[in-house]
Amino acid sequence: MPEIVATTPGLFPLPDWAKDELSDLKGHQKTDLISGDEGGAITDAYDRARSEVVSLQTDAGLDRISEGQLRWDDMLAHPLAVHENVETRGIVRYYDNNNFYREPVVTGDLTTGGDVAADLDAATELVDSGLQAVLPGPYSLADLATDEHYGDEAEFVEAVADFLVREVEQFPDVETLFLLEPSLVENPPEDGEDERASEAIDAIAGAIDAEVVAHTYWGSIPEKTYAHLMDADVDAIGFDLVSDHDKNVYNVQEYGTKDAVALGVVDGQNTRIESPETIRDRIDWFEQQTNTAYDTVYATTNTETFYLPVNKFEDKIRSLANAAQLEAPDQ
């Protein structure tokens, strides 16, 4: 029986009071979004909101606690959007949904950042154990950005990976790092690019002493891309069983997977609450279909959860935590 670890891929919904307060403090225009140099009142509001979402996770019983990424106005693009050598320009659609982010245009060297590390440092004061870091994967971050500096696609992906490596080198101690790679599904790399994407993920995994999960969602990874991803020295690959359980299972049946696995067994975009029993059934089904005894199963929402109302978010993470505590079914 595997250890079932209840967690999420982060990017939580802001508490309602924080939405109202921050709307008044930040304004309502594109230029009023987070830039990395916000003042004391805004910082204080985010600190209080972070404390609240950490408490929600702890009270729900999650095994891994995220700081929530509440400052990420631009979703996965955030680490670039706040960089000094990146300009944010027009509003573009965030994948194939009704959310939008500021296009980050890289105009100079991607020097060392530290924004994500600073938020994690703040979270260490709130989390006794099980702190989890969340970052965009290098391929997805490069895919969401525009390069006006490096001039070569391979060099740009490598530069983004190096930037993220330097970020994780500043992290406090964490138990787990989720690298979010939806672009491997939504805009998969072409021949040659898939190997580079795997190498970029591998570079980040090698820079941190933590369990690293390369988490994908909104479908399944194409076979060739998946085969290359298996070459990355990550501890687990994440599969979205809500969007496409059959093809994700097929990839594992054909190419295998790591000793640990992350399973998106709760819908991060739908308000319907899954019962702990349903969640556990999905985990057990995956194990049976892949005929594999995993050391660890990270049970998670399939996507980030900022789409949800806070009360639904809380209900879903409580179901995840309860599912992890259920007794194994009789075989």
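A donor-acceptor contact closer than 3.5 angstrom is absent between the side chains of T290 and E287. Checking S275 against T278 by side-chain atom types alone, a donor-acceptor pair falls below 3.5 Å. When only modelled atom types and interatomic distance are considered, N85 and H149 share no side-chain donor-acceptor pair under 3.5 Å.
Within the 4.5 Å cutoff, side-chain heavy atoms of I201 are placed close to those of L229. Side-chain contact between L177 and E211 is absent, with no heavy atoms from C-beta onward closer than 4.5 Å. In this structure, the side chains of T257 and M230 come closer than 4.5 Å at one or more pairs of heavy atoms. Within the 4.5 Å cutoff, side-chain heavy atoms of F239 are placed close to those of V252.
Between E148 and R89 there is a salt bridge, with a side-chain nitrogen of the basic residue lying less than 4.0 Å from a carboxylate oxygen of the acidic one. The residues D267 and R272 are annotated as not salt-bridged, no charged nitrogen and carboxylate oxygen being separated by less than 4.0 angstrom. Using a 4.0 Å cut-off between a side-chain N of Lys or Arg and a carboxylate O of Asp or Glu, R196 and E158 do not qualify as a salt bridge. Remark: D284 engages R280 in a salt bridge, criterion side-chain N to carboxylate O under 4.0 Å. A salt bridge does not link D59 to R318: none of the charged side-chain nitrogens sits closer than 4.0 Å to a carboxylate oxygen.
Of the possible donor and acceptor atoms, one in the side chain of D240 sits under 3.5 Å from a partner among the backbone N and O of W218. Side chain of T225 to main chain of I221: no donor-acceptor pair is present (N/O by atom type, distance under 3.5 Å, no hydrogens or angles).
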- Task: Determine, stepwise, if the pair D315 / K312 fulfils salt bridge (charged side-chain N to carboxylate O under 4.0 Å, His left out).
- Result: CA-CA 5 Å; D315 288 342; K312 298 296 185 181; 5.0 Å; no
- Message: Does K258 form a salt bridge (charged side-chain N to carboxylate O under 4.0 Å, His left out) with D295? I'd like the steps, not just the answer.
- Response: CA-CA 9 Å; K258 307 292 183 176; D295 293 340; over 6 Å; no
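Ring orientation note: the planes of Y101 and Y94 are nearly perpendicular, at an angle over 60° on the 30°/60° scale.
The side chain to side chain donor-acceptor pair (under 3.5 Å) test applied to Q325 returns no partner, not counting sequence neighbours.
The distance from atom OH of Y250 to atom CG of D246, rounded to the nearest 0.5 Å, is 12.5 Å.
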